Amino acid sequence: MTRTKRRTGRRHPFVFFGLLLLGLILTGGAYAAVSDDARARASVDANSQHTIDEGKKLFQANCATCHGLQAQGSGTAPSLIGVGAASVDFQVGTGRMPMAANGPQAPEKPPQFTDEQIAELAAYVASLAPGPVIPDASLTSGGGDAAKGAELFRINCAMCHNVAGAGGALTEGKYAPSLESTSGTHIYEAMVTGPQNMPVFNDLTISPESKRDIITYLKYTQENSSPGGYALASLGPVAEGLFIWIFGLGVIIAVTVWITAKSN
Amino acid sequence: MAHDDHSGTDIAAASSDAHDPLVSPGTALVVADPFENPGFPPHRPRVTDTNPQREKRAQRTVTVLFYLSILGSVWAIAAYMLFPIETNDMASVRTNNLLIGLGATLALLAVGFGVVHWGKALMADVELVDERHAVGGTEKSRVAAAQIFADANRESGFSRRTMIRRSLFGALIAFPLPAVVLFRGFAPQDKDPVHLLNHTMWKKGTRLTLDPSGAPIKAADVTLGSAVHVIPEGLAEMTEGKLEEKAKAAVLLMRLEPSALNELPERKDWSYSGIVAYSKICTHVGCPVALYEQQTHHLLCPCHQSQFDVANHCEVIFGPAKRPLPQLPITVDDEGYLVAQSDFHEPVGPSFWERSA
């Protein structure tokens, strides 16, 4: 056994990777800090005529092809008169609009506009006719009764969105999306406006305080891991059964083969 | 009966002497030309037999596995003490269970794997035949067994003392009767179960209320595109039999564009300006059907994917359900609250034997 000396230069061979990692962390961290800043700054005056005019320009350039120049709708897209600022903030803020392609439903994707542009679009659509407004942060940042919210969620939402908010399939390619990373504001707006095939839950069906409770419950599930161990994406008994069939039985078969095989 | 002959040629001869050597022991079938016993395959020594180094290594592996098992047991005890379950902290329950479980798993698995590895790699490696017993006993033992029964019958007088025998049969037949009567107590006592299945809490004038609060619903408050989960007035305050009633009376209230509704002529006045109420209980096996798509007006049952078209009086458009969901006729009262016109006009939920419609 001979051992050659590995070190050839002054530096340790892992220094390069260490520096690379450090650089990536610094860049990413700086980006996250700056973009958080940008989001915080995007507060525009929704009532000023200037904002509405800017929103109208954006609308005519990006939305009017389907929704019509006056937002009156067309054969392929609904009218946006009276859908309110909440609807725009939800649809554009989650990237669902503008829609990339026709399909069973508009999927969530990275937002195509800045927060400022979304606010301008919302101000324009809200100026057409009264509709649901963007909810106040006091209703969307939790702080309610998570247990009551869980009961309301099980009665009103869990049949489509799954009791853990993991989402689920509907008919003909449609699906209820996962709520595991959805913001409180977007959850509230979806309940008020009923986007796509989701029914509307207005403030008389589920009061604003109850909506806050539901958001509190969802935030609780987002922030706390499952006490029962690995949740397998919360897909329920089908995923768990498949897992145990494939891996549990697989391990048992492998051990059986090992026990009965003749030793080498 | 085990017998240690490596050649394996005289298995049949070595079996029970009371039998024809051509008959395989344990089978009643006499085979005239049995296959010739091929015997054992040639003995192949293991590496642990030929290489003393490998034998040492196997020995070490087994020992290490047993020590690992000790480690696992000690770890399980340590985990129990170091990661206790804190009150109101579900995460601590998980940590506690996980770490104790991992220790116990290691303790058991290591012993199991160690013993199997020991047996396979180190214990004596010889092929041998474990002979079967013949299925039938000898003539002598059969006669002796029959004699025991005959003696017992004679001594107890079971066939002779008919009075005792019959009373014993009677006692054995009477013994399960209390269980049957007690089971009857689980069913509704003084009520007709068919009537219970045919009717729900809804009756003329019952207000539609929100689940779970029980607040009444104004027709004007139901926005277009809404789906509201509804229970009958009074159910929220019930203390006894609440779930039984809810299981039958649960209703889903939806508001569609009145022009989108295609109503049957005899049900023209069952809705109120586009607001319709349908039983939430699937007509297939009774799951709650509540996956409502407000644009397609389809209701999906999550259990077996039956689909109902709300715009077309909830007719079945897909899946195993055979009947449409029963519709609850609704209207508004003087104060503008939604009320039922009557009970459902047919039994809700899946079929049952006595179902008339």
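Throughout, a chain's letter reflects where its sequence line sits, starting with A, and its residues are numbered from 1. None of the values given here were measured: they were computed from a predicted structure. FYI, side chains are in, hydrogens and waters are out, and symmetry mates aren't considered; it's all heavy atoms of this structure.
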Task: Choice from B/D221, B/T48, B/D49 maximising heavy atom contacts with chain A below 4.5 Å - done: B/D221
Task: Heavy-atom pair with the smallest gap, counting every atom of B/A121 and A/S263 - done: CA-OG, 3.9 Å
Task: Interchain contact, B/L224 with chain A, by part (heavy-atom threshold 4.5 Å) - done: backbone
- [ ] Look at B/P212, B/P302, B/S92, B/A215 and state which one has the largest set of heavy-atom pairs under 4.5 Å with chain A.
- [x] B/P212
TODO: Specify which of B/D211, B/V228, B/V93 makes the most heavy-atom pairs with chain A at under 4.5 Å.
DONE: B/D211
- [ ] Let me see the working for B/R255 and A/V200 under side chain to side chain contact (heavy atoms under 4.5 Å, CB included), right down to the final yes or no.
- [x] CA-CA 10 Å; B/R255 183 164 201 164; A/V200 179; over 6 Å; no
TODO: Calculate, to the nearest 0.5 Å, the distance between atoms CD and CE belonging to B/E293 and A/M198 respectively.
DONE: 13.0 Å
Task: Interface moiety of A/A176 toward chain B, non-hydrogen atoms closer than 4.5 Å - done: neither
- [ ] Over 60° means perpendicular and under 30° means parallel, so classify the ring planes of B/F113 and A/W258, tilted if in between.
- [x] tilted
Task: Between OG1 on residue B/T296 and CD on residue A/E172, distance to nearest 0.5 Å - done: 7.5 Å
Open item on the list: Please determine whether the number of non-hydrogen atoms from other residues, nucleotides or ligands lying under 6.0 Å from atom OH of B/Y272 exceeds 12.
Closed with: no
Task: Distance (rounded to the nearest 0.5 Å) between B/H298 NE2 and A/N197 CG - done: 9.0 Å
TODO: Go through the atoms of B/V47 and report whether side chain, backbone, both or neither lie under 4.5 Å from a heavy atom of chain A.
DONE: both
TODO: Give, for atom CG of A/L204 and atom OG1 of B/T223, the distance between the pair rounded to the nearest 0.5 Å.
DONE: 7.0 Å
Open item on the list: Give me the atom names and distance for the closest heavy-atom approach of A/P199 to B/S226.
Closed with: CB-C, 4.1 Å
Task: Reported CD1-to-NE2 distance for the pair A/I259 and B/H117, which is rounded to 0.5 angstrom - done: 13.0 Å
Open item on the list: Under 4.5 Å from any heavy atom of chain A, what part of B/L98 do you find: side chain, backbone, both or neither?
Closed with: neither
Open item on the list: Only heavy atoms, only distances under 4.5 angstrom. Which residues in residues 148-164 of chain A are near chain B?
Closed with: A/E151, A/L152, A/I155, A/N156, A/M159, A/C160
Open item on the list: If you count heavy-atom pairs within less than 4.5 Å of chain B, which of A/T171, A/N202, A/I206 leads?
Closed with: A/T171
- [ ] Please round to the nearest 0.5 Å and tell me the distance separating atom CD of B/Q295 and atom CD of A/Q105.
- [x] 9.5 Å
Open item on the list: Shorter than 4.5 Å, heavy atoms on both sides: which option in A/A169, A/A261, A/G168 has the most such pairs with chain B?
Closed with: A/A261
Task: Within 6.0 Å of NZ in A/K109, more than 12 heavy atoms from elsewhere - done: yes
- [ ] Please say whether more than 12 non-hydrogen atoms of neighbouring residues, nucleotides or ligands are located less than 6.0 Å from CD in B/Q53.
- [x] no
Open item on the list: Taking side chain as everything from C-beta outward and backbone as N, CA, C, O, which of these in B/A91 sits under 4.5 Å from a heavy atom of chain A? Side chain, backbone, both or neither.
Closed with: neither
- [ ] Would you mind checking which part of B/F318 comes under 4.5 Å of any heavy atom in chain A, side chain (CB onward), backbone (N, CA, C, O), both or neither?
- [x] neither
